[in-house]
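What follows is one structure encoded as structure tokens, with my remarks underneath.
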Amino acid sequence: MTSVRRDESVRPTERDEVAAAGSELIGGPIGRHALLGTSWLTPVRVIALVALGMFALGMVQKLPCYNGGWFFGATSQYIHACYSDIPHLYAGRGFADGLIPYFDRLPGDMEYLEYPVLTGLFMEIASWMTPHSGGIQQREQIYWLVNAGMLMICAVVVAVCVTRTHRRRPWDGLLVALAPAAALTATINWDLLAIALTAAGMLMWSRSRPIAAGVLLGLATAAKLYPVLLLGPLLVLCWRAGAWRAYRKVATGAVVSWLVVNLPVMITHDAAGFHIREGWAKFYTFSQERPIDFGSVWLLISQRTGNPLENANTYATLLMILGCAGIGLLTLYAPRRPRFAQLAFLVVALFILTNKVYSPQYVLWLIPLAALARPRWRDFLIWQACEVMYFLGIWMYLAYTGNGDKHQGLPTEGYQLAIALHLLGTLYLCAVVLRDIWLPERDVVRRDGDDDPSGGVLDHSVDVFVLGRTHQQPRHAVHFEAAPRVRWGAVRE
């Protein structure tokens, strides 16, 4: 058996066959007698540079649209698979005219900006750095470049935070930096802002700083709704470990920081008194009223059956509630307390699978969570291949539907296959994470003797509340020679 010292970093080329094979491109796996820590190229710096390089390649992939695809031709931006919301919304949401988000009414069908407050602020700051002179096409190009530069910083923050979250597994950050779907979707929308704040919050939690983690998760929720879901796994994990003090801190920090950002925009006052501002509420009403849309399982069912599924909102909510209840029960019944990253991945993946819409950039939500939950190159690349196929499928489908009688692109049946690939790829990764939870000896993180390196106060904690037979016959992860026995998750007497 392979031995691992507790203070030694895990080398993926010694644990992962795909990583070992891929390393042949740069000279092969690291040698036994290599001198580590003697170069300025630390894992964090290497991964940050790789993330920058991949982001730049993603910008190059958008070049056909930058040079005209966004502005000329009905389907050029779809044929080249380089669509982005950013240049279109510069004028479409009033930034070109100096309108203030949430306060000024927009002239089009969308009366107010349909993004959360912190994302709206991000968009507004980018518009301040965009010249207000010149033609609208040039201004939209510059607006996209400004946003791309700001989002590039967010992408590096995500990669660095993942690299530092698991202290002994820094090279797992390469999964994030090299993810092909991340490069392709990074500049479609502004999701990377919320993802960077979420990754930083998880890093703070792993360092046993629950207040800072809560503040960052609250800010992330002020930029995108999904980060609030992470408070659910933390609740059940802290329940099992009896870490209620830490949970109160993270929850309080999240609520306070969210209110600090939202209250100035949320509340307005007139002669009738205080009430909720209509512009602030637009994001929430739009999400509630939005019909089934691209990429969702509901669209697939609707297209195959001809049923419009007018109650899809109810179905999605019920499935989400049932799924979260199942994840909670799994957490309390599992032979070992699941790792925080595993549950975070599962609950966000459940939200994506049951949601009424799946925009291509939503894959960014899962990439850092997948790298922490299942740091295995084979499984990660299988899932990424499915997501890349979906990325190409949706643009080819839009090209097909926008070409009139030419029908150049991917027909409806082909797009349905692309949706199925996305769903199956995500379900596959969920399945291996669920297996790792129920059979912790299969978890590649715990096989090296760790407990929950992203768990912070939960790491190596004893259990105070479990269900089933877990408290009678605790099961331990596989332990290697020369590695100390880790008694994580044992029930307190």
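The shown structure was predicted, so the numbers you read here are calculated from the model rather than taken from an experiment.
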Would you say [X]'s side chain and [Y]'s backbone share a donor-acceptor pair under 3.5 angstrom?
| X | Y | result |
| --- | --- | --- |
| W298 | T354 | yes |
| K62 | T187 | no |
| W383 | I367 | no |
| Y415 | G295 | yes |
| W395 | I79 | no |
| T75 | Y78 | no |
| R209 | M204 | no |
| E387 | T426 | no |
| K249 | A212 | no |
| Q408 | A399 | no |

- request: Compare every heavy atom of C238 with every heavy atom of W205, then report the nearest pair and how far apart it is.
  value: CH2-SG, 4.0 Å

field: Y112 versus M110, closest heavy-atom pair with distance
entry: O-CG, 3.1 Å

When rounded to the nearest 0.5 angstrom, what is the spacing between [atom1] in [X] and [atom2] in [Y]?
| X | Y | atom1 | atom2 | value |
| --- | --- | --- | --- | --- |
| L113 | D104 | CG | CG | 11.5 Å |
| L99 | R93 | CG | CZ | 12.0 Å |
| Y66 | L145 | OH | CG | 4.0 Å |
| D452 | S206 | CG | OG | 9.5 Å |
| L203 | T198 | CG | OG1 | 12.5 Å |
| F351 | L229 | CZ | CG | 6.0 Å |

Hey, are [Y] and [X] close enough side-chain-wise for a donor-acceptor pair under 3.5 Å?
| X | Y | result |
| --- | --- | --- |
| Y115 | N189 | yes |
| Y428 | D379 | yes |
| D85 | Y83 | yes |

field: From CA spacing to verdict: salt bridge (charged side-chain N to carboxylate O under 4.0 Å, His left out), E114, K282
entry: CA-CA 5 Å; E114 73 276 27; K282 184 61 182 178; over 6 Å; no

field: Side chain to side chain, L230 and M202, heavy atoms closer than 4.5 Å
entry: yes

query: Can the ring centroids of Y390 and Y358 be said to lie less than 6.0 angstrom from one another?
result: yes

- prompt: Got a sec, which pairs hit side-chain hydrogen bond (donor to acceptor under 3.5 Å, both in side chains) with one end in residues 129-155, sequence neighbours left out?
  reply: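 Every pair satisfying side-chain hydrogen bond (donor to acceptor under 3.5 Å, both in side chains) with a residue in residues 129-155: Y90-R139, N147-W190.
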
Which pairs would a plain distance check flag for residues 338-348, meaning a side-chain donor or acceptor within less than 3.5 Å of a matching protein atom at least two apart in sequence or in another chain?
{"unit_1": "R339", "atom_1": "NE", "unit_2": "D443", "atom_2": "OD2", "d": "2.8"}
{"unit_1": "R339", "atom_1": "NH1", "unit_2": "L372", "atom_2": "O", "d": "3.0"}
{"unit_1": "R339", "atom_1": "NH2", "unit_2": "A373", "atom_2": "O", "d": "2.8"}
{"unit_1": "R339", "atom_1": "NH2", "unit_2": "D443", "atom_2": "OD1", "d": "3.2"}
{"unit_1": "R339", "atom_1": "NH2", "unit_2": "D443", "atom_2": "OD2", "d": "3.4"}
{"unit_1": "Q342", "atom_1": "OE1", "unit_2": "R339", "atom_2": "N", "d": "2.9"}
{"unit_1": "Q342", "atom_1": "NE2", "unit_2": "D443", "atom_2": "OD2", "d": "3.3"}

